[in-house]
> 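For reference, the structure I am asking about is given below.
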Amino acid sequence: MLQISQRINSLAASATLAMSQRSNELRAAGVDVINLSVGEPDFNTPDFIKEAAKKAIDDNFSFYSPVPGYMSLRKAIAANLKATEGVDFSPEQIVVSGGAKQALCNVILSTINPGDEVVIPTPAWVSYVEMVKLAEGVTVEVPATIEQDFKITPRQLRDAITPRTKMVLFCSPSNPTGSVYSREELQQLVEVLKDYPNILVLSDEIYRHINFTGSYTSMATFPELEGHVVVINGVSKAYAMTGWRIGFCAAPLPIAKACTKLQGQYTSGASSIAQKAAEAAYTGPQDCVEEMRQAFERRRDLVVELAKAIPGIRVNKPQGAFYLFPDVSSFIGKRCGDRVISSSGDVAMYLLDTAHVATVDGAAFCLPGYIRLSYATSDELIREAMRRIGDALAKLV
Ligand code: PMP
Ligand code: GLU
């Protein structure tokens, strides 16, 4: 009899991808579903990036690339990090992977031993806990409530650290809350972290460019943490390139080398064509990034306004990314006919079945009682989705 390993059996499937798949199936079956589940920009990849990919095909970039990526791309990434964040990483410290997802997993598998603790402020993106599980590490959740704008305090961070803490995993702007730590807030966390030189800070900055605060501070800019920060980023969100699968880590050299060794054994270098497209993204005109950011900010204003008008829902005002994470706990215990709502997962399924709007249960992000909406879609669909959600929730008594 075929058996699946315990390692994989113990993993949860990605809830974001599962919900998106479910909504695509319903749509294929003729149901008019609005998909606010998966987090990906609805824009097409900018033309100059697509042209670079076509040229790469014609120029025969069809051979294996170096495992950590083409040197020209790693140089472009290093220059981009310097220009946007003011941080110094050499091209040798950059490892290009099949999306930021693989970059994160590479770093976790390269640094976490069984039993090592990884501190994760929650709510947090679905894959972090599962990646730590893959490495046989132990997740230590640090819960941040909506009252604290889903951001942890220095006190909470200090309390979570033990002699076994190996890594702290940050994500700002955050998926699923859209919260952004200010420079002052990060500085306060750094004051705690600087007392623990053995802790690696893994900073997921994939939403760095989708930020409505007017300023951004990378974790790698703090001199107190020099040599202890790994930056994760990629082209998926900033350049509307989710399907191209290019992300990277910028890491202390020994970690970059370890990631290269790991990647060399299980995927090799990322797609050659996609790497050339990413190189164009980083070296070409950057107006597209700002144009998309502005569209997301306008949609943020719209979705927050519409959500606030729905009785029973409580929201923060996200300052980045393209997610809203409403508290829907007031609907738990209510019913519509025979259908009883006993969790936020039930709220998400109820909205899918009756309003035909796909969202994701907050439990997948370590905070039950909430749901996540991705507003990376048109104004019309945002209006229609929020109207449907409001109507469906009003039927719960
Ligand atoms: N980090 C966060 C917080 C995300 O939301 C995602 C989802 N796209 C990723 C990393 C991975 O992005 P990708 O693999 O598409 O580069
Ligand atoms: N990161 C996006 C999300 O949270 C894409 C799906 C995924 O990779 O989980 O929806």
Side-chain angles (χ1 to χ4, degrees), residues 11-24 35-43 45 69 73 77 94-108 120-132 150 169-181 202-211 218-219 230-250 259 263 267 270-271 274-275 277-278 281-282 296 318 320-325 348 358-367 370-377:
L11 277 191
S14 167
T16 47
L17 297 180
M19 196 61 164
S20 183
Q21 175 70 19
R22 170 124 181 77
S23 100
N24 289 340
N35 186 1
L36 305 188
S37 63
V38 75
E40 67 176 336
D42 56 322
F43 301 107
T45 301
L73 172 57
I77 292 170
I94 288 159
V95 179
V96 176
S97 302
K101 201 177 242 179
Q102 188 185 5
L104 281 159
C105 207
N106 278 346
V107 175
I108 291 172
I120 303 185
T122 59
W125 181 46
V126 292
S127 295
Y128 297 153
V129 172
E130 302 306 320
M131 289 175 181
V132 171
F150 300 115
L169 211 171
F170 275 111
C171 181
S172 171
S174 155
N175 177 2
T177 65
S179 297
V180 181
Y181 286 84
L202 181 53
S203 183
D204 183 349
E205 305 184 359
I206 189 89
Y207 296 101
R208 181 253 177 271
H209 290 286
I210 307 173
N211 171 17
S218 166
M219 264 293 189
V230 177
V231 173
I232 299 289
N233 211 325
V235 292
S236 285
K237 315 289 170 167
Y239 301 95
M241 293 176 70
T242 45
W244 298 76
R245 309 307 306 128
I246 296 292
F248 65 83
C249 72
C259 291
Q263 187 164 296
T267 58
S271 153
Q275 284 193 56
Y282 284 120
F296 289 128
F322 35 64
Y323 305 107
L324 187 67
F325 199 62
T359 60
V360 186
D361 178 10
F365 304 92
C366 311
L367 190 57
Y370 291 70
I371 57 172
R372 189 192 75 173
L373 316 180
S374 163
Y375 58 84
T377 191

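Computation of the quantities below employed the complete heavy-atom set of this structure, encompassing side-chain atoms and omitting hydrogens, waters and symmetry-equivalent molecules. Ligands are counted one by one from 1 in listed order, and the atoms in each one are counted from 1 as well. Here the structure is a predicted model, which means the values were calculated and not measured.
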> Report the C-alpha distance between R208 and S218 in whole Å, list the side-chain angles of each, state the deciding distance to 0.1 Å, and finish with yes or no for side-chain contact (heavy atoms from CB on, under 4.5 Å).
CA-CA 8 Å; R208 181 253 177 271; S218 166; over 6 Å; no
> Below 4.5 Å, heavy atoms only, C-beta onward: do Y282 and V235 meet side chain to side chain?
yes
> Quick one: are V96 and I246 in side-chain contact, heavy atoms under 4.5 Å?
yes
> Looking at L17, which atoms of ligand 2 are within less than 4.0 Å of one of its heavy atoms?
6 (C), 7 (C)
> At a 4.0 Å cut-off, with the gap strictly under it, does some heavy atom of E40 reach an atom of ligand 2?
no
> For residues V129 and C366, determine if any side-chain heavy atom of one lies less than 4.5 Å from a side-chain heavy atom of the other.
yes
> Looking at ligand 2, does M19 have a heavy atom less than 4.0 Å from it?
no
> Return the protein residues near ligand 1 (heavy atom under 4.0 Å from any of its atoms), ordered by chain and residue number.
G99, A100, K101, L104, W125, Y128, C171, N175, D204, I206, Y207, S236, K237, R245
> Using a 4.5 Å cut-off on heavy atoms from C-beta on, say whether the side chain of N35 contacts that of S20.
yes
> Quick one: does G39 get an N or O within less than 3.5 Å of an N or O on ligand 2?
yes
> List ligand 2 atoms under 4.0 Å from V38, heavy atoms only on the residue side.
5 (C), 6 (C), 10 (O)
> Return the residue, atom name and 0.1 Å-rounded distance of the protein heavy atom closest to atom 7 (C) of ligand 2.
T16 OG1, 3.5 Å
> Write out the residue and atom name of the closest protein heavy atom to atom 8 (O) of ligand 2, then the distance separating them to 0.1 Å.
K101 NZ, 2.9 Å
> Taking only residues two or more places apart in sequence, or in another chain, which ones meet A250 in a side chain to side chain contact (heavy atoms under 4.5 Å, CB included)?
L81, F89, I94, V231, F248
> Mind checking what makes side chain to side chain contact (heavy atoms under 4.5 Å, CB included) contact with N175, not counting sequence neighbours?
W125, Y207, Y323, F365, R372
> Under the criterion side chain to side chain contact (heavy atoms under 4.5 Å, CB included), which of I371, L367, V360 is the partner of F325?
L367
> Quick one: look at V360 and ligand 2, take heavy-atom pairs under 4.0 Å, and tell me if it's side chain, backbone, both or neither.
neither
> Partners of S271 by side chain to side chain contact (heavy atoms under 4.5 Å, CB included), sequence neighbours excluded?
I273, A274
> Heavy atoms, side chains only, cut-off 4.5 Å: are T359 and S37 in contact?
no
> So which protein heavy atom does atom 1 (N) of ligand 2 come closest to, and at what separation?
W125 NE1, 3.3 Å
> Which ligand 2 atoms, with their elements, are less than 4.0 angstrom from a heavy-atom of Y323?
2 (C), 3 (C), 4 (O)
> Would you call S236 and R245 a side-chain contact if the rule is heavy atoms closer than 4.5 Å?
yes
> As an exercise, identify every atom of ligand 2 less than 4.0 angstrom from a heavy atom of K237.
1 (N), 2 (C)
